[in-house]
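Worksheet for the structure shown next.
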Amino acid sequence: MRGSCWLHRRTEQKFRQLVISTIKSVKIKLLLCFCIALTVVVLTSSASAFIWTNQSYALPRYSASRKGYSIVMNTWKRYDLLKQSIKHYSSCHRLEEIHIVWSEPNPPSELLLKFLHHVVQSKSKDGRHLKLKFDINKEDSLNNRFKEIKDLGTDAVFSIDDDVIFPCSSVEFAFDVWQSAPDTMVGFVPRAHWVDSKANDNKFRYGGWWSVWWTGTYSMVLSKAAFFHKKYFSLYTNEMPASIRDYVTKNRNCEDIAMSFLVANATGAPPIWVKGKIFEVGSTGISSLGGHSERRTECVDRFVAEYGGMPLLSTSVKAVDCRNVWFW
């Protein structure tokens, strides 16, 4: 009897422990479920708030009510490249105007005009009316690419060289980025500057792509592929020191650095680098010549002296279209 009672009590104790452990397990599971549910609710509310700030992706991207952008393209005696570029960019849906900066001694030929206008007209469909205009300049100067355009119909300007091709998706993503910060420059080609530690006085050095790659920072985006507000055309032509424009004309270099200085001085903010795949369809330019970095460094120091200080600001921010990448 004693043995059977003892066995009965042991069985009862085990049963109670099993019940208690089961209840604890259920409580833990319920607590975990509650935490998971709460986390989902928080994330959902956060996601909905995030999606709200990016409604442009949910709405029709190319509605008539939204202003697009204009391309201002610099060219020089590379007619095949010009044709290729215009044919490509005419397909970009939010592009409204194309202005070709022409600084050659002779005007564009009738054959070139006929071809380019035919290309543009072929892209003007479904209520879209793409405009093409040649801005003729008598003087051959790199400053011409930033001359004020009186009849420019958009605030946004995409400054581009005739030998550089970007997919339309990349260009229009950069346009979206620019719309979030319309006073700054938004571009695909970053460059840097830094203090020259070897110089006794306050001197700076110009840093090319490898400087950006090595340090992860930049302070300029080159105007060979960059968005900025059209107001900077007026500031460049009428407000920027004439000595800087004279220097650019004389040395046939550094107009892009001059524009970076101008925008940085006006905004007190760094530019924004947009990640994009670049296709350079032309031959190598002045950047491939010997002494290029040294000449660019001279420009930086010259412009710092003109402004009375260094307006450029360094940043490590890069805009990436996460819809087109696996890892970000």
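Below, each value reflects all heavy atoms present in this structure, side chains not excepted, and no hydrogens, waters or symmetry copies.
In this structure, the ring of Phe158 has its center no less than 6.0 angstrom from the ring center of Phe228.
With sequence neighbours left out, Tyr69 forms a ring pair (Phe, Tyr, Trp, His ring centres under 6.0 Å) with Phe175, Phe227. Not counting sequence neighbours, Lys147 has no partner by the salt bridge (charged side-chain N to carboxylate O under 4.0 Å, His left out) test. Tyr89 pairs by the ring pair (Phe, Tyr, Trp, His ring centres under 6.0 Å) definition with nothing, not counting sequence neighbours. Residues that satisfy the side chain to side chain contact (heavy atoms under 4.5 Å, CB included) test with Trp213, not counting sequence neighbours, are Trp209, Trp210. Residues passing the salt bridge (charged side-chain N to carboxylate O under 4.0 Å, His left out) test with Lys231, sequence neighbours excluded: Asp183. In this structure, the side chain to side chain contact (heavy atoms under 4.5 Å, CB included) partners of Ser170, at least two apart in sequence or on a different chain, are Pro167, Phe188. In terms of the side chain to side chain contact (heavy atoms under 4.5 Å, CB included) criterion, residue partners of Lys131 (sequence neighbours excluded) are, by chain and number, Glu97. Looking at residues two or more places apart in sequence or on another chain, you find no salt bridge (charged side-chain N to carboxylate O under 4.0 Å, His left out) involving Asp80.
Between the side chains of His193 and Ser219, a donor-acceptor pair is found at a separation under 3.5 Å. Between the side chains of Ser85 and Asp162, no donor-acceptor pair is found at a separation under 3.5 Å.
Across Arg295 and Cys254, no two heavy atoms sit closer than the pair O-SG, 4.2 Å. When all heavy atoms are compared, the tightest approach of Val221 to Pro271 is CG2-CB, 3.8 Å. Between Ser316 and Thr217 the shortest heavy-atom distance is CB-CG2, 4.3 Å. Residues Met185 and Ala226 come closest through the heavy atom pair CE-CB, 4.0 Å. In plain terms, the two heavy atoms of Glu104 and Trp102 that are nearest each other are OE1-CZ2, 3.3 Å. Minimum interatomic distance between Ser141 and Thr249 (heavy atoms only, all atoms of both residues): OG-OG1, 2.8 Å.
Between Asp301 and Phe204, the closest side-chain pair of non-hydrogen atoms falls below 4.5 Å.
Within the model, atoms CG of Asp155 and OG of Ser70 stand 9.5 Å from one another, a figure rounded to the nearest 0.5 Å. Atom CG of residue Asp135 and atom CD1 of residue Ile100 lie 9.0 Å apart, to the nearest 0.5 angstrom. To the nearest 0.5 Å, atoms CG (Leu235) and NE2 (His229) are separated by 10.5 Å. The NZ atom of Lys318 lies 4.0 Å from the CH2 atom of Trp273; values are rounded to the nearest 0.5 Å. Note: Arg94 CZ to Cys168 SG = 11.0 Å, rounded to the nearest 0.5 Å. Here the CD1 atom belonging to Ile160 is positioned 8.5 Å from the NZ atom belonging to Lys224, to the nearest 0.5 angstrom.
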- Message: Pair Phe233, Val72 - check side chain to side chain contact (heavy atoms under 4.5 Å, CB included), show working.
- Response: CA-CA 11 Å; Phe233 282 148; Val72 176; 4.0 Å; yes

- Check against side chain to side chain contact (heavy atoms under 4.5 Å, CB included), Leu152 and His99: CA-CA 9 Å; Leu152 193 60; His99 291 258; 3.5 Å; yes

- Query: Could you walk me through whether Phe166 and His88 pass the side chain to side chain contact (heavy atoms under 4.5 Å, CB included) check?
  - Reply: CA-CA 9 Å; Phe166 289 91; His88 167 72; 5.6 Å; no

- Step by step, work out the side-chain hydrogen bond (donor to acceptor under 3.5 Å, both in side chains) result for Asn253 and Arg296. CA-CA 8 Å; Asn253 204 332; Arg296 304 279 277 182; 3.1 Å; yes

- Message: Set out, in order, the CA-CA distance, both residues' side-chain angles and the distance that settles side chain to side chain contact (heavy atoms under 4.5 Å, CB included) for Ser314 and Trp194, then state yes or no.
- Response: CA-CA 9 Å; Ser314 297; Trp194 67 85; over 6 Å; no

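A continuous path of hydrophobic side-chain contacts links Met73 to Val281 [ILVMFWY only; heavy atoms under 4.5 Å]. A continuous path of hydrophobic side-chain contacts links Ile136 to Leu132 [ILVMFWY only; heavy atoms under 4.5 Å]. Residue Val101 is not grouped with residue Trp76 when hydrophobic side chains (ILVMFWY) are merged at heavy-atom distances under 4.5 angstrom, including chains of intermediate members. Taking hydrophobic clusters as Ile, Leu, Val, Met, Phe, Trp and Tyr residues chained together by side-chain heavy-atom distances below 4.5 Å, Ile278 shares a cluster with Leu81. Under a hydrophobic-cluster definition in which Ile, Leu, Val, Met, Phe, Trp and Tyr are linked whenever side-chain heavy atoms come within less than 4.5 Å, directly or via other members, Trp214 and Val189 are assigned to the same cluster.
Formation of a donor-acceptor pair under 3.5 Å by the Thr267 side chain with backbone atoms of Thr184 is not found in this model. Between the side chain of Thr297 and the main chain of Tyr206, a donor-acceptor pair closer than 3.5 Å is present. Judged by distance alone, with hydrogens and angles left aside, the side-chain atoms of Arg128 form a donor-acceptor pair with the main-chain N or O of Leu95 at under 3.5 Å. With hydrogens and angles ignored, the 3.5 Å screen pairs no side-chain donor or acceptor of Asn144 with any backbone N or O of Ser103. Side-chain atoms of Tyr218 never come within 3.5 Å of backbone atoms of Pro270 as a donor-acceptor pair (strictly under, hydrogens ignored).
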Side-chain polar contacts of residues 257-266 - donor-acceptor pairs under 3.5 angstrom, sequence neighbours left out - could you list them?
from: Ser260; atom 1: OG; to: Asp256; atom 2: O; distance (Å): 3.3

Enumerate donor-acceptor pairs with a distance under 3.5 Å from any side-chain N or O in residues 238-246 to protein atoms, sequence neighbours excluded.
from: Asn238; atom 1: ND2; to: Glu148; atom 2: OE1; distance (Å): 3.3
from: Asn238; atom 1: ND2; to: Ser234; atom 2: O; distance (Å): 3.3
from: Asn238; atom 1: ND2; to: Ser234; atom 2: OG; distance (Å): 3.3
from: Ser243; atom 1: OG; to: Glu306; atom 2: OE1; distance (Å): 2.9
from: Ser243; atom 1: OG; to: Glu306; atom 2: OE2; distance (Å): 2.9
from: Arg245; atom 1: NH1; to: Tyr236; atom 2: O; distance (Å): 2.9
from: Arg245; atom 1: NH1; to: Thr237; atom 2: O; distance (Å): 3.3
from: Arg245; atom 1: NH1; to: Met240; atom 2: O; distance (Å): 2.8

Donor-acceptor contacts, no H, no angles, side chain residues 105-122, under 3.5 Å, sequence neighbours left out:
from: Ser109; atom 1: OG; to: Leu112; atom 2: N; distance (Å): 3.2
from: Ser122; atom 1: OG; to: His118; atom 2: O; distance (Å): 3.4
from: Ser122; atom 1: OG; to: Val119; atom 2: O; distance (Å): 2.5

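Residue pairs meeting the salt bridge (Lys or Arg N to Asp or Glu O under 4.0 Å) criterion with at least one partner in residues 136-145, sequence neighbours excluded, are Asp140-Arg252, Arg145-Asp161, Arg145-Glu255.
At most 12 heavy atoms of other shown residues, nucleotides or ligands fall within 6.0 angstrom of atom NZ in Lys275. Around NZ of Lys83, the count of heavy atoms belonging to other residues, nucleotides or ligands within 6.0 Å exceeds 12.
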